[in-house]
Amino acid sequence: MAEQTIDKELDLSGEVCPYTFIKSKMAIEALQPGQVLRVTVDNSESAGNVPRSLSGEGHEVVSVDKADKGRWRIVVRNGSTVE
Amino acid sequence: MSPMRIRALATVVLLTAVAVTAAAQAEWIYAAAGAQYVVVNPGGGDVVHRGELSVADFRPGESGEAVATPDIVPTPGGRYVFFLFPGADRAIVVDAETHQPVWSVSLPAGTRRIVFSSMGTSLWAFTGGSSWIELSHQRGRLTDSGRRAASLGDGAVAFNRRATRVYGNRGNDLVFALTASGEVVQTVTLQGGPYDWQISPNFRFLAGTSARQLVMVDEARGRAVGTIPGAFAGGVFHPSSREFFALSADGNAVLRIDAARGAERSRIQPPLALAAMFAQADGTLHGLAPSATTSAGASGGPALVLDLAGNPRVVPLPAELGRGSAGGAGGVSAAGVTLRPGGGFACF
Amino acid sequence: MLLISVVSGLVSGFVGGYALQRGGFCMHSAFRSIAFEKEHSIVRSWLLVLAINIPAVLLLEQAGLVFPARAPLTVFAGLIGGLVFGLGMVLAGGCVSGTYYRASKGMTGSLVALTGFVAGGLMVTRGVLQPVRGWLMRTELSVAGEEASLYNLPAVFSTGFFPGFGFRWLIAGVLVLAIVIFLLRAPKSRFTVGWSWWQTGVVVGLVAVAAWYFSALEYRDYGLSIVQPTNALAGWLLVRESGGINWASWFLLGLIPGAFVAAWRAGDLSLRVPSARRLMQNLGGGVLMGWGANLAGGCNIGHGITGVSTLSLGSIWATAATIGGVWLMTALVYRTTAQPQT
């Protein structure tokens, strides 16, 4: 897969829910449709929950990768439709 | 991990478990006759304390007079022990940590029997009249709560966990009634009553004993699960609630009854004729013999029979116990007291 | 006997801790997601646990193996305790069980929250707030003098109604059917880190059933719980009172290594320190959770799983209040977090 262009980086290390969800949700909604956000979280639950939640909100989860020990990178594309 | 390490780990875990569990509770047996009482350590059978309840404390001007044997009623947490003298309208409270009398509390006139609610927050006094009277209880002190419960015929009644239901006789039948209103919510049709009712520690089973038979009732199913013919003089539930030990009326047999089926499992023959039984928190069963007179003819004063169901051991109570009491040497009462630090109720 | 209790407790705890960790079984997230998200996979895990436990508890009771105790419907204690517990959960960043397994994988924020939880609990059970609890617990609604549950509720309208097992199975059947229908409509999940919702639900559900069974062997008529054993262990460690040490205590002691091993195998084991500000918040949240759970008489596990499985109205009420507290605080956090950036 080609290298994904990242429009915004968000580091949520040290955060747990609900902050991981709220902050990532606000960050993705601040982007234009089609733009891409990369979120870094430092625990497995957030790595599971954040993509699930954002995908539930209608955004497209591109990938979830384990970057490092205890670090996950989630790449999400804003999927809101322009009205 | 290597097998040796696992074994070492398992040993450490178990030793810790044993240490934690063993240090859990303090157990005592309180026995009284007249104004005298003794505290016995059920482990060794040794008398750890002898005391006298100062009768003047609760009956001014009548000290020195022969007094009847008190009922011994520990609080659910075991911290205090109430000595109820029939007709005295007062109970003397003994601190179960120091074994010393600390104060006396007044009870409604004519109180014959007292029952604590399981949480220890209230005490129900039966005056023999038309009702049970609720008193609020905290740390060995009482205040009138103003609540009354309907009386349910003859025989001992039992209360559920929060004393919202009362179980007693209506004729031969067992009725479940609301404590507050006396309204009957369930009737279990029975014969051979009236019964003395006892409820299991988990409030699931009701054991009724009468001069004609024993009946076991499953509270949640609202029906009798089994009956055993014979004359009974009460009994005691195992702390697990899974078993009931019934005492025959002559005190010469103890029946082990499966609570869920109401059926006899086995029979124990105590070395002495018993008047009462009580169980420790770990399930050890003890009995009280009013007189150590055996079939062989040897006689003596009152005695405890420790560990009835396992390895019975007769421990004579001090001879001076009961001297000067109205009932003589035979008028003795006893109760097991378990100190449960912290209480440990109410949270899941 | 003690050996069975200790071994089964530790093993169940280990499996439970492993499952909670791998499944990211965070009931705080579950409760929040009901109102704030369109994605409900942890809610599904929870419902699956209930769908397994409601009939299992009934079956064990009918077989005479377990005599379940039900929490009373203490109206104010349940409401206020539940709300405070819910508020605390959001600030602490997880439910009680979640705090345990997160602390086990090196998240210091959760460890701090746990310390607050223990302290808050001691304040209510043995400390200065003891009278408050006593006072709040006085008001209790009972049905025909019994602890209220969905099973005996008809007795409110008809005195003399007695819930037989036929009626109980009918109620349980309807509930389980409704849950199963909801679960079958679950969308396929992608990007699963750790276990899927149904894997987690099945394992936690079976552990909860085992808890009932093994507890009954030592005559403890309740299932899985966290608050009571936390208090019992804290009492033993801090003031050497060992009353209340039982199966649930061994379960809790097994849960910690279980969660640790699960995190270690998933490469999720490292010491993580949030900002000082967040740590303070976690501590405060932990204390609130300790107050709330002990006022309500249970937490997301004792009430939310075990109590709800007995269909006790007291547990359902306390769980509903907890969910309300989570929503309230989440809405508040939403606002305060959203402000500076817009």
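Naming: A, B, ... by sequence-line order, numbering from 1 per chain. Quick caveat: nothing in here was measured; it's all calculated off a predicted structure.
Rounding to the nearest 0.5 angstrom, the gap separating the CZ atom in B:F205 from the CZ atom in C:F67 is 4.0 Å. Distance OG/B:S200 to OH/C:Y219: 13.0 Å, rounded to 0.5 Å. Here the OG-CZ distance, from B:S240 to C:R220, works out to 15.5 Å after rounding to the nearest 0.5 Å. Note that CD of C:E146 and CD of B:Q186 are 9.5 Å apart. Values are rounded to the nearest 0.5 Å. With rounding to the nearest 0.5 Å, the separation of CE in C:M137 from OG1 in B:T121 is 10.0 Å.
Not a single donor-acceptor pair under 3.5 Å links the side chain of B:R221 to the backbone N or O of C:G164.
With a 4.5 Å cut-off on non-hydrogen atoms, C:Q62 touches chain B through its backbone and its side chain both. With a 4.5 angstrom heavy-atom cutoff, B:Q138 does not touch chain C via any of its atoms. Only the backbone of C:L65 comes within contact range of chain B, with heavy atoms under 4.5 Å apart.
When each of C:A216, C:P163, C:S5, C:A155 is checked for heavy-atom pairs under 4.5 Å with chain B, C:A216 comes out on top. When each of C:G307, C:A77, C:G145 is checked for heavy-atom pairs under 4.5 Å with chain B, C:G145 comes out on top.
Heavy-atom neighbours of C:W317 CH2 from other residues, nucleotides or ligands within 6.0 Å: at or below the threshold of 12.
Counting only residues at least two apart or on different chains, no salt bridge (charged side-chain N to carboxylate O under 4.0 Å, His left out) pair has a member in residues 150-162 of chain C.
Counting all heavy atoms, side chain and backbone alike, B:R165 lies closest to C:A144 at NE-O, 2.6 Å.
Classification of B:R242 and C:D221 as a salt-bridged pair holds, one side-chain N sitting under 4.0 Å from a carboxylate O.
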